[in-house]
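See below for the structure under consideration.
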Amino acid sequence: MLLIYFFIGLFVGQFLAVLLCMALFGTGFEETTQLAGSLSHPYARPILYILQFFSAVGGFLAGPLVYVYHYESERLTTLINKRGWAIIPLLLLLLSTLAFMMANSLLIEWNANLVLPETFKTFESWAQQKEAYLQRLTLYLTTFPSALHFVAALLIIALLPALGEELFFRGLMQPLLQRTLGNAHVAIWGTALIFSLFHFQFYGLLPRLFLGALFGYLYYWSGNLLMPIMAHFINNGLSLLLRYLYQLELTELDTTQTVSLSGTSILLFLLVGIGASLAYRYYFVIRRGVVE
């Protein structure tokens with residue numbers, strides 16, 4: 001039922017977005033729906049932003065919230081609470097997120113350069129074409145002609161996915177899988193896998209899987225959905241900020257490149273991330289008495 005509500009919300013959101021774009025920009029229905037394949041269109045950027053906004057709101061926010069209202073209304077008061085609103089867990093969350101973002105560069109580079117056996121050449125060809133298109137689309141949407149475009153991207157590409165995807169995956173799907181499978185850790189990794197597959201990006205599957213697992217444990221240990229939402233926003237928002245600063249020539253770090261850090265740096269960041277995560281777990285599970 002959760003998936004049904006998701007797809008209904010996604011369809012309604014996209015339909016309303018197309019109608020709005022047609023009214024605002026005078027484009028036809030087919031022209032609007034096929035715009036993603038033609039980024040040279042004069043209204044490509046605002047139309048893509050509108051489509052992304054309504055898709056995220058419809059599929060990941062409106063649909064799941066209607067599901068919660070009909071089937072799990074009592075959970076509305078437990079998804080978000082006051083647990084974790086102290087300087088120590090917030091600093092640990094920030095530290096673990098940043099450290100794993102840095103350590104994840106190894107997986108990002110490895111996954112991006114993965115070569116499949118000859119048996120999977122058809123799939124590999126499709127995945128490479130999909131990846132090339134997504135890279136072109138990402139580069140287009142993260143090239144900011146002005147500060148206003150950066151703020152719009154921060155809202156649509158960073159904040160909305162953090163809110164909607166964490167509600168859908170960690171807030172609803174993960175507990176459903178945990179109740180069904182009877183094992184929290186299987187539910188966390190299973191949800192992380194579904195979360196990664198939902199993005200239809202094979203050459204980003206593994207780094208997104210581990211990032212989803214991190215978000216899952218941040219929620220599982222704290223019981224507060226705002227914790228993975230903040231971590232998700234930090235991950236997306238920092239990437240956009242660095243991209244914007246690079247375009248302003250205020251930094252030499254280009255986040256579009258898939259080059260990992262040195263082995264020593266990755267090991268250091270990994271140890272820091274694991275240590276911060278264990279301290280975060282200690283704060284909630286042991287010190288605060290949250291039952292695992």
Inset, instruction - Could you note down all residue pairs passing side-chain hydrogen bond (donor to acceptor under 3.5 Å, both in side chains) where residues 206-216 supplies at least one of them, sequence neighbours left out? - result: Gln201-Arg208
Legend entry - Of all pairs that satisfy side-chain hydrogen bond (donor to acceptor under 3.5 Å, both in side chains), the ones with a partner from residues 144-163, not counting sequence neighbours: Ser146-His149
Nearest 0.5 Å please: distance from the [atom1] atom of [X] over to the [atom2] atom of [Y].
X      : Y      : atom1 : atom2 : answer
Leu278 : Leu92  : CG    : CG    : 10.5 Å
Leu91  : Ile87  : CG    : CD1   : 4.0 Å
Leu90  : Tyr280 : CG    : OH    : 8.5 Å
Leu106 : Ile266 : CG    : CD1   : 4.0 Å
Leu137 : Leu48  : CG    : CG    : 6.0 Å
His185 : Gln178 : NE2   : CD    : 9.0 Å

Inset, instruction - Only counting residues at least two apart or in another chain, list the ones meeting side chain to side chain contact (heavy atoms under 4.5 Å, CB included) with Leu116. - result: Leu114, Phe120, Phe123, Glu124, Phe202
Using atom types as modelled, flag every donor-acceptor pair under 3.5 Å from a side chain in residues 49-64 to any protein atom, sequence neighbours excluded.
{"from": "Tyr49", "atom 1": "OH", "to": "Leu141", "atom 2": "O", "distance (Å)": "3.2"}
{"from": "Ser55", "atom 1": "OG", "to": "Gln14", "atom 2": "NE2", "distance (Å)": "3.4"}
{"from": "Ser55", "atom 1": "OG", "to": "Leu51", "atom 2": "O", "distance (Å)": "2.7"}

Inset, instruction - Apply the test side chain to side chain contact (heavy atoms under 4.5 Å, CB included) to residues Asn224 and Tyr219: give CA-CA distance (whole Å), side-chain angles for both, the deciding distance (0.1 Å), then the verdict. - result: CA-CA 6 Å; Asn224 186 350; Tyr219 177 53; 5.7 Å; no
So if you build clusters from Ile, Leu, Val, Met, Phe, Trp, Tyr with side-chain heavy-atom gaps below 4.5 Å, do [X] and [Y] land together?
X      : Y      : value
Leu225 : Leu94  : yes
Leu214 : Leu95  : no
Ile194 : Phe7   : yes
Ile188 : Phe198 : yes
Tyr69  : Met1   : no

Applying salt bridge (Lys or Arg N to Asp or Glu O under 4.0 Å), which residue pairs with at least one partner in [range] are found, sequence neighbours left out?
range            : answer
residues 189-206 : none
residues 230-239 : none
residues 177-190 : Glu72-Arg179

Inset, instruction - Could you list the residues that satisfy ring-ring contact (aromatic ring centres under 6.0 Å, His included) with Phe210, not counting sequence neighbours? - result: Trp189
Inset, instruction - Would you please name every residue forming a ring-ring contact (aromatic ring centres under 6.0 Å, His included) with Phe144, sequence neighbours left out? - result: Phe150, Tyr244
Inset, instruction - Test Leu238 against Leu98 for side chain to side chain contact (heavy atoms under 4.5 Å, CB included), laying out the working first. - result: CA-CA 9 Å; Leu238 182 59; Leu98 293 177; 3.5 Å; yes
Legend entry - Residue pair Leu177 / Val186, side-chain heavy-atom distance below 4.5 Å: no
Inset, instruction - Identify whether NZ of Lys or CZ of Arg in Arg281 sits under 6.0 Å from the centre of the six-membered ring of Tyr217 and within 45° of that ring's axis. - result: no
All N/O donor-acceptor pairs, side-chain side in residues 151-176, below 3.5 Å, sequence neighbours left out:
{"from": "Glu166", "atom 1": "OE1", "to": "Arg170", "atom 2": "NE", "distance (Å)": "2.8"}
{"from": "Glu166", "atom 1": "OE2", "to": "Arg170", "atom 2": "NH2", "distance (Å)": "2.7"}
{"from": "Glu166", "atom 1": "OE2", "to": "His232", "atom 2": "ND1", "distance (Å)": "2.7"}
{"from": "Arg170", "atom 1": "NH1", "to": "Gly212", "atom 2": "O", "distance (Å)": "3.4"}
{"from": "Gln174", "atom 1": "NE2", "to": "Gly216", "atom 2": "O", "distance (Å)": "3.3"}

Is a side-chain donor or acceptor of [X] paired with a backbone partner of [Y] at a separation under 3.5 angstrom?
X      : Y      : result
Ser277 : Ser96  : no
Ser196 : Leu193 : no
Ser125 : Lys121 : no

Shortest non-hydrogen contact between [X] and [Y], atoms and distance:
X      : Y      : result
Leu240 : Thr142 : CD2-CG2, 3.6 Å
Ala112 : Tyr203 : O-CD2, 3.7 Å
Ala213 : Ala192 : N-CB, 3.4 Å
Gln247 : Thr143 : NE2-CA, 3.4 Å

Legend entry - Over 12 foreign heavy atoms within 6.0 Å of OH, Tyr246: no
Inset, instruction - Say whether Ser262 and Ser265, considering side chains only, have a donor N or O and an acceptor N or O under 3.5 Å apart. - result: yes
Legend entry - Results of side-chain hydrogen bond (donor to acceptor under 3.5 Å, both in side chains) for Thr27 - residues two or more places apart only: Thr32
Inset, instruction - Please identify each residue that fulfils side-chain hydrogen bond (donor to acceptor under 3.5 Å, both in side chains) with Ser239, with sequence neighbours left out. - result: none
Inset, instruction - Could you please spell out the steps behind the side chain to side chain contact (heavy atoms under 4.5 Å, CB included) verdict for Phe269 and Phe100? - result: CA-CA 7 Å; Phe269 280 118; Phe100 277 118; over 6 Å; no
Inset, instruction - Evaluate the criterion side chain to side chain contact (heavy atoms under 4.5 Å, CB included) for residue pair Tyr140 and Gln135; output intermediate values, then yes/no. - result: CA-CA 8 Å; Tyr140 177 78; Gln135 287 181 352; over 6 Å; no
